[in-house]
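One structure is given below, encoded as structure tokens.
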Amino acid sequence: MPISLYNTITRTKEPLTPIEPGHVKLYVCGITAYDYCHIGHARSALVFDMMVRYLRYRGLKVTFVRNFTDIDDKIIKRAAEQETTCTELSERFIRKFHEDMAALNIIQPDLEPKATEHVDEIIRMISLLIERGLAYQEGSDVYYRVNLFEGYGKLSGRQLDEMQAGARITINEAKENPMDFALWKGSKPGEPTWESPWGPGRPGWHIECSAMSRRYLGDTFDIHGGGKDLIFPHHENEIAQSEGATGCCFARHWIHHGFVTIKDEKMSKSLGNFLTIREVLALYPAEALRLLVFSTHYRNPLDYSDASMKDAVTGLERLYNCMDSLSKLPNGTDISESLIDQATQDRLLSLEDRFLEAMDNDLNTAQGLGLIYDTVKDLNRIRQTLGEKSSDIDITILKECGQTLTRLSGIMGLLNENPTTYLHDQKAEKLEDLEITPEEIQQLIEDRKIARSEKNWGQADEIRDLLLARSIELKDGPEGTSWHIKKD
RNA sequence: GGCGACGUAGCCAAGUGGCUAAGGCAGAGGUCUGCAAAACCUUUAUUCAGCGGUUCGACUCCGCUCGUCGCCUCCA
């Protein structure tokens, strides 16, 4: 069974067949570095992180390139506002980006090229486009002559004449056609500048991706990805530039993920309804954000809210609780018969196959997670029926299934921590917020133990209520009293 | 205005024409307990926005209507 992925350009799911067998070349549009990243950027990073992990899990070699756009109108504007240089600004936010990625446990791309370090390639590509008549110089600017590129609009499904009808009137009268876009912009005083055949200037937006993907992945490569909002104009223009310059097919597979929304509205800088990655990670564990992201298919919109994050935290805890219980399982005592019925055994043993099938189908992580929760339920149920007389066979099945589950979750970057450590750390963190120490709790439990042994229920309940008022709940079990933190 | 996506239980969310419409959260019942809470188990949609059509058969394909969102301008 091949891995099939939805291809924006054909609007169908297609099998992934790398040009070089067994080796996938992937280019993802990264950030424009001028501000902190929001959770929309996190989704993008997480989706491609999962994709790369999955392809590698399936035995494919992946060359993963994700660029930085570090010269751009927005950077120039922001640097001026902050009275700093573009270099300082972009480097600062690239650093912040790397911190965010590390906090999210995102795997490093193989290459992270920056636009400013590839101006030579950019200039060469623009020259080639001018030679081919697809670009023209106008003053100190160079524009792409959109109506001469036959396939213009093929990715976004638009016709040039239709777009012109709705296009905003361009201030720049120099363009032959309002849809023409800048490949090179002459620089104004104080702006970053590179020498070029058209005078001092800087690259336009779009061209850097064409130049850098060509440099590292060749004229044609397998997958090009990014957010849905990049389909037009960014990716459409990249196709025009690259295919115009090389005459070859640019990217075979176009992958676009959906937006993160808040109250069903797209998260964006202009609406001001965005949350940064670091704001979210200050409140919730990174894996909870991963769980939220992967519980929706990557092409659908993902609505972010505190409630959905809390659900994710609960769900993650359920997974870790299960794994923790498995890790504490005793060894099998005798070789009595298995207590696991055949149907359940079959289900457990086929987990990986079913998971891979879901993932092969356009990376259906939501379905994959469903299978994981199914398995957790099976494992918990079996664990409870085992009792004292657990057989080696059953213990082995449980432990092996737990390992499979951890391995598959790892494709989504989940269950990456030791379960006991995770649960302990989460507890410790919450206790800190509650300003109570385990020692204090333990002391009160001891006091209550005495009261209980004297059957002084009134005092025992008083202590329990006292702790409850501080969000600590007690549980009396056969092996003594345990405590946990109350959910809000 | 042009193009596109989506509408599945109280909420979130899978479902590539045919098996009981996954899974999670919340709710209800239970195991445990002096009572209780956590964890765990069980349970929760005769029905997939509405109306037509294609088909032996439709949540799934087609058309229309209603609703939500997105792109067409910087955007992940």
Side-chain angles (χ1 to χ4, degrees), chain A residues 4 8 11-13 28-32 37-48 72-74 77 153 156-159 161-168 170 179 205 225-234 236 256-261 264-271 274 291-292 295-297 299-303 305 307-308 310-319 321-322 324-325 354 358 361-362 364-377 380-381 383-385 452 455 457 460-461 464-465 467-468 472-478 482-487:
Chain A
S4 94
T8 308
R11 288 150 202 261
T12 50
K13 285 179 200 171
V28 175
C29 287
I31 58 158
T32 299
C37 288
H38 57 63
I39 51 179
H41 298 108
R43 185 182 196 188
S44 178
L46 287 168
V47 164
F48 291 106
D72 157 89
D73 292 354
K74 293 191 295 292
K77 184 164 172 264
S156 53
R158 294 155 209 266
Q159 308 271 313
D161 45 354
E162 280 172 4
M163 281 191 286
Q164 280 167 3
R168 206 170 62 168
T170 325
M179 293 310 294
W205 184 43
K228 273 192 157 92
D229 46 0
L230 296 182
I231 295 172
F232 191 89
H234 187 56
E236 196 69 65
H256 293 100
H257 64 261
F259 303 127
V260 175
T261 61
D264 291 327
E265 267 191 331
K266 181 186 169 185
M267 180 178 293
S268 72
K269 300 262 161 106
S270 45
L271 285 169
F274 65 91
L291 187 63
L292 176 70
S295 57
T296 298
H297 184 85
R299 281 191 281 120
N300 292 340
L302 170 70
D303 202 56
S305 66
S308 60
K310 280 181 179 144
D311 278 3
V313 171
T314 308
L316 186 62
E317 224 169 80
R318 182 171 160 81
L319 297 179
N321 268 325
C322 175
D324 187 43
S325 307
R354 289 178 295 137
N361 181 18
D362 198 24
N364 196 335
T365 52
Q367 197 170 43
L369 279 170
L371 295 169
I372 282 173
Y373 278 106
D374 266 347
T375 308
V376 164
K377 189 176 281 188
N380 283 334
R381 199 180 46 238
R383 189 171 46 76
Q384 290 203 327
T385 57
R452 290 184 79 218
K455 295 207 190 297
W457 306 127
D461 290 354
R464 191 172 63 196
D465 291 345
L467 281 167
L468 189 60
I472 303 298
E473 287 179 325
L474 300 182
K475 145 87 179 163
D476 300 320
S482 60
W483 57 271
H484 61 92
I485 297 153
K486 194 183 168 222
K487 285 218 175 78

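Labels below follow one simple rule: chain letters A, B, ... track the order of the sequence lines, proteins then strands, and each chain is numbered from 1. The figures here come from the full heavy-atom set of this structure, side chains too, leaving out hydrogens, waters and symmetry mates.
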Set of side chain to side chain contact (heavy atoms under 4.5 Å, CB included) partners for A:R354, sequence neighbours left out |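 For A:R354, the residues satisfying side chain to side chain contact (heavy atoms under 4.5 Å, CB included) (neighbours in sequence not counted) are A:R347, A:S350, A:L351, A:L371.
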Not counting sequence neighbours, which residues clear side chain to side chain contact (heavy atoms under 4.5 Å, CB included) with A:V47? List them please.
-> A:R43, A:H257, A:Y298
Please state the [atom1] separation for the pair [N] and [M] - nearest whole angstrom.
| N | M | atom1 | value |
| --- | --- | --- | --- |
| B:rG10 | B:rA28 | C1' | 13 Å |
| B:rC71 | B:rA76 | P | 12 Å |
| B:rU44 | B:rC61 | C1' | 32 Å |
| B:rC6 | B:rC74 | P | 26 Å |
| B:rC59 | B:rG7 | C1' | 12 Å |
| B:rG1 | B:rU20 | P | 45 Å |
| B:rA36 | B:rU16 | P | 46 Å |
| B:rG23 | B:rA45 | P | 12 Å |

Could you tell me how far apart [X] ([atom1]) and [N] ([atom2]) are, to the nearest whole angstrom?
| X | N | atom1 | atom2 | value |
| --- | --- | --- | --- | --- |
| A:Q367 | B:rG15 | CD | P | 6 Å |
| A:I231 | B:rG4 | CD1 | C1' | 9 Å |
| A:H297 | B:rA22 | NE2 | C1' | 16 Å |
| A:L316 | B:rC25 | CG | P | 12 Å |
| A:L371 | B:rA13 | CG | P | 18 Å |
| A:N321 | B:rC41 | CG | P | 10 Å |
| A:Y373 | B:rG24 | OH | P | 8 Å |
| A:H256 | B:rG4 | NE2 | P | 17 Å |

Which is true for [X] with a 4.0 Å heavy-atom rule: it touches a base, it touches only sugar-phosphate, or it touches nothing?
| X | result |
| --- | --- |
| A:S308 | nothing |
| A:R354 | nothing |
| A:N364 | sugar-phosphate |
| A:V28 | nothing |
| A:K13 | nothing |
| A:G227 | sugar-phosphate |
| A:G315 | nothing |
| A:L474 | base |

Closer than 4.0 Å, any side-chain N/O of [X] to the OP1 or OP2 of [N]?
| X | N | result |
| --- | --- | --- |
| A:H41 | B:rA76 | yes |
| A:R318 | B:rC40 | yes |
| A:N300 | B:rA13 | no |
| A:R381 | B:rU42 | yes |

With A:H234 via ring pair (Phe, Tyr, Trp, His ring centres under 6.0 Å) - residues at least two apart |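 Testing A:H234 for ring pair (Phe, Tyr, Trp, His ring centres under 6.0 Å), a comparison that skips the adjacent residues, returns A:W205, A:H206.
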Would you please name every residue forming a side chain to side chain donor-acceptor pair (under 3.5 Å) with A:D374, sequence neighbours left out?
->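 A:D374: no side chain to side chain donor-acceptor pair (under 3.5 Å) contacts found.
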Can you name the side chain to side chain donor-acceptor pair (under 3.5 Å) partners of A:S325, sequence neighbours left out?
->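 Per chain and number, A:S325 pairs via side chain to side chain donor-acceptor pair (under 3.5 Å) with no residue.
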Please check: side-chain N/O of [X] versus main-chain N/O of [Y], any donor-acceptor pairing under 3.5 Å?
| X | Y | answer |
| --- | --- | --- |
| A:N364 | A:A358 | no |
| A:E236 | A:G153 | yes |
| A:Y373 | A:R318 | no |

Which nucleotide, [options], lies nearest any side-chain atom of [X]?
| X | options | value |
| --- | --- | --- |
| A:N380 | B:rA76, B:rC40, B:rG15 | B:rC40 |
| A:S44 | B:rA13, B:rG24, B:rA76 | B:rA76 |
| A:H38 | B:rC40, B:rA76, B:rA13 | B:rA76 |
| A:D311 | B:rC41, B:rA14, B:rC25 | B:rC25 |

Sequence-aligned protein contact record of nucleotides 27-35 of chain B, with B where the base is within under 4.0 Å of a protein heavy atom and S where only the sugar-phosphate is = -----B-BB
What residues, two or more places apart in sequence or in another chain, satisfy salt bridge (charged side-chain N to carboxylate O under 4.0 Å, His left out) together with [X]?
| X | result |
| --- | --- |
| A:K266 | A:D229 |
| A:R452 | A:D476 |
| A:K77 | A:E81 |
| A:K475 | none |

Whenever both distances are under 3.5 Å in a Watson-Crick or G-U wobble pair, mark it; put RNA chain B into dot-bracket that way, with [ ] for crossing pairs and | when the partner is on another strand.
-> (((((((..(((.....[....))).(((((.......))))).....(((((..]....))))))))))))....
Of A:S325 and A:S295, whose closest RNA chain B nucleotide lies nearer the 5' terminus?
->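 Its nearest nucleotide lies further toward 5', so the answer is A:S295.
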Taking the nucleotide of RNA chain B with the closest heavy atom to each, which residue, A:N361 or A:V260, is nearer the 5' end?
-> A:N361
Contact check, side chains of A:I485 and A:I472, non-hydrogen atoms, under 4.5 Å =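 Yes - at least one pair of side-chain heavy atoms lies under 4.5 Å apart.
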Do A:L291 and A:L369 come within less than 4.5 Å of each other through their side chains, counting heavy atoms only?
->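 A:L291 reaches A:L369 side chain to side chain.
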Just the atom pairs and distances: protein N or O near nucleotides 67-71 of chain B's N or O, under 3.5 Å.
residue, atom, partner, partner atom, Å
B:rC69, O3', A:D264, O, 3.4
B:rG70, OP1, A:K266, N, 3.3
B:rC71, OP1, A:K266, NZ, 2.7
B:rC71, O2', A:R158, NH2, 2.9

For A:H297, the option from A:D362, A:T365, A:N361 that meets side chain to side chain donor-acceptor pair (under 3.5 Å) = A:D362
